[in-house]
Amino acid sequence: MGVVIPLEEGKNKLASVKPLVDLTKVDMDRVNQLILSKAGSDVQMIPEVANHLISSGGKRLRPMLTLASASLFGYQGDAHVKLATSVEFMHTATLLHDDVVDESDLRRGRSTARMIWGNQASVLVGDFLLGQAFKMMVEVGSLDALDVLSTAASVIAEGEVLQLSVAKSMETTEDDYLSVIRAKTAALFAAAAEVGPIIANADKAGRNALKSYGMNLGLAFQLVDDALDYGGKAADLGKNVGDDFREGKITLPVILSYRRGTESERAFWRQAIEQGESSAENLEKALGLMNKYGALNDTIARALHYGTIARDALAPLPHSPIKAALLEVIDFSIQRVN
């Protein structure tokens, strides 16, 4: 059952990450070389597991944000390449750990590392990548950048534990959910964008602008992901449609449908999510309830709200091709639902 979610009126041109990809291409080539180099190890399983996920076709949006945000403030050195690689390793480590916690079978259309090498290898290789990330941060020599990224690593871990604490509980509120995605997803977007102006010696206003941009872009990005799980296609998602439902994940479409439903409908959600009765028939019923109560449309409306905050965060900065590309990324992140 597909869901068509309307976008803002007057936006006919589909946004793209291509301008950002093109503007960061030279530096991203260097990042990709460094990724391959730093993922290497004499322990054969480490590069095998790491490269399985690293080469699986992700857009590398987070490291591009680091490169672009440094360029936005005229940075000329090499530190942004190491920091962008650190950001990607942190993200990859998080995915490896996430797939173990969530017991996921598919990631970006391929079997997860845990399905091939096991949970232990996935966790330990994730730890290796985090170690490599911190080594590169130290090599850069910026205590401020190290502080921002190490704080993000702690916040991400807190978000994982918070998600566990509210897992499969229909008493989870929208505020609880936002706390989880702010920590799990948005914190790394914010850090990735903030370290660019840090190494470019930008003023506090510049740092804060990029931090706010990254945080709110991350919130919008995750909200759209959560809507796509019920209204997207497997080819676009890189996972099976309805995986969140089958895993009993409490996301905003579920929360809104539950809160707005009748007592019998709320009993259905408790049965499906808390007791794990996630059959194909129940998924269809869940989609029907989401449509009935406008839960997917309202999830996208929340994403548009955070996208607007991200756009406003960059407003005081002078116009440039990099700024235009960063603004287009906001539209791209939300238009994925079309």
Side-chain angles (χ1 to χ4, degrees), residues 24 27-28 30-55 58 60-70 75 77-101 113 117 119-162 182-202 207 210-211 214-215 218:
T24 59
D27 285 336
M28 272 307 298
R30 296 170 65 196
V31 169
N32 289 329
Q33 289 172 6
L34 193 55
I35 284 172
L36 292 174
S37 168
K38 295 294 184 179
S41 169
D42 292 336
V43 180
Q44 185 178 350
M45 190 182 289
I46 289 176
E48 285 179 358
V49 175
N51 289 331
H52 174 77
L53 188 51
I54 288 166
S55 66
R60 305 258 163 96
L61 181 54
R62 293 157 190 81
M64 283 195 286
L65 291 181
T66 299
L67 300 175
S69 63
Y75 181 71
D78 297 318
H80 62 323
V81 172
K82 284 186 176 179
L83 290 177
T85 306
S86 297
V87 164
E88 183 63 12
F89 273 13
M90 287 173 66
H91 177 53
T92 304
T94 302
L95 297 183
L96 286 166
H97 292 163
D98 268 0
D99 287 340
V100 172
V101 172
W117 290 279
N119 287 335
Q120 296 95 328
S122 292
V123 170
L124 294 171
V125 172
D127 291 345
F128 170 82
L129 293 177
L130 282 175
Q132 293 292 76
F134 280 102
K135 280 177 66 178
M136 284 184 282
M137 292 176 215
V138 171
E139 288 168 9
V140 165
S142 166
L143 277 177
D144 279 353
L146 178 60
D147 179 49
V148 165
L149 287 171
S150 60
T151 298
S154 296
V155 169
I156 291 165
E158 287 176 336
E160 288 283 3
V161 177
L162 178 60
R182 187 173 279 110
K184 275 194 62 181
T185 301
L188 187 56
F189 273 86
E194 187 182 1
V195 292
I198 286 174
I199 57 169
N201 294 316
R207 278 184 58 172
L210 270 294
K211 179 181 180 180
M215 178 65 72

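Keep in mind it's a predicted model, so treat the numbers as computed, not measured. Residue numbers start at 1 and run along the sequence shown.
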Problem set entry | Shortest non-hydrogen contact between Phe189 and Gly214, atoms and distance | CB-O, 3.1 Å
Exercise. Is there a side chain to side chain contact (heavy atoms under 4.5 Å, CB included) between Val123 and Leu96 once you walk through the steps?
Worked result: CA-CA 6 Å; Val123 170; Leu96 286 166; over 6 Å; no
Problem set entry | Ala84 backbone acceptor or donor facing Thr66 side chain under 3.5 Å | no
Seminar exercise, completed: Rounding to 0.5 Å, atoms CG (Asn119) and CG (Leu124) come to a distance of 10.5 Å
Exercise. Crowded around Lys211 NZ? As in, over 12 foreign heavy atoms under 6.0 Å?
Worked result: no
For this session: Measure the shortest side-chain to side-chain distance between Asp78 and Val140 over non-hydrogen atoms and say whether it is less than 4.5 angstrom.
Result: no
For this session: Output yes when a side-chain donor or acceptor of Ser142 lies under 3.5 Å from a complementary backbone atom of Ala145, and no otherwise.
Result: yes
Seminar exercise, completed: The residue among Ile54, Val31, Leu65 that forms side chain to side chain contact (heavy atoms under 4.5 Å, CB included) with Arg60 is Ile54
For this session: Find the distance between OG (Ser69) and NE2 (His80) and round it off to the nearest 0.5 Å.
Result: 9.5 Å
Exercise. Below 4.5 Å, heavy atoms only, C-beta onward: do Val100 and Gln120 meet side chain to side chain?
Worked result: no
Exercise. Between Gly159 and Lys184, which heavy-atom pair has the shortest distance, and what is it?
Worked result: C-CG, 3.6 Å
Problem set entry | Heavy-atom side-chain contact between Met28 and Pro63 under 4.5 Å | yes
For this session: Can you sort out the partners of His52 under ring-ring contact (aromatic ring centres under 6.0 Å, His included), two or more places apart, ordered by chain and number?
Result: Trp117
Problem set entry | Chi angles and distances behind the side chain to side chain contact (heavy atoms under 4.5 Å, CB included) call for His91, Leu95 | CA-CA 6 Å; His91 177 53; Leu95 297 183; 3.7 Å; yes
Exercise. Does the side chain of Phe134 come within less than 4.5 Å of Leu146's, by heavy atoms?
Worked result: yes
Exercise. Is any side-chain heavy atom of Lys38 closer than 4.5 Å to a side-chain heavy atom of Gln33?
Worked result: no
Exercise. Does any non-hydrogen side-chain atom of Phe89 lie less than 4.5 Å from one of Leu130?
Worked result: no
For this session: Enter the distance from Thr85:OG1 to Asn32:CG here, rounded to the nearest 0.5 Å.
Result: 8.0 Å
For this session: Ignoring hydrogens and angles, tell me if any N or O in the side chain of Asn51 forms a donor-acceptor pair with the backbone of Pro47 under 3.5 Å.
Result: yes
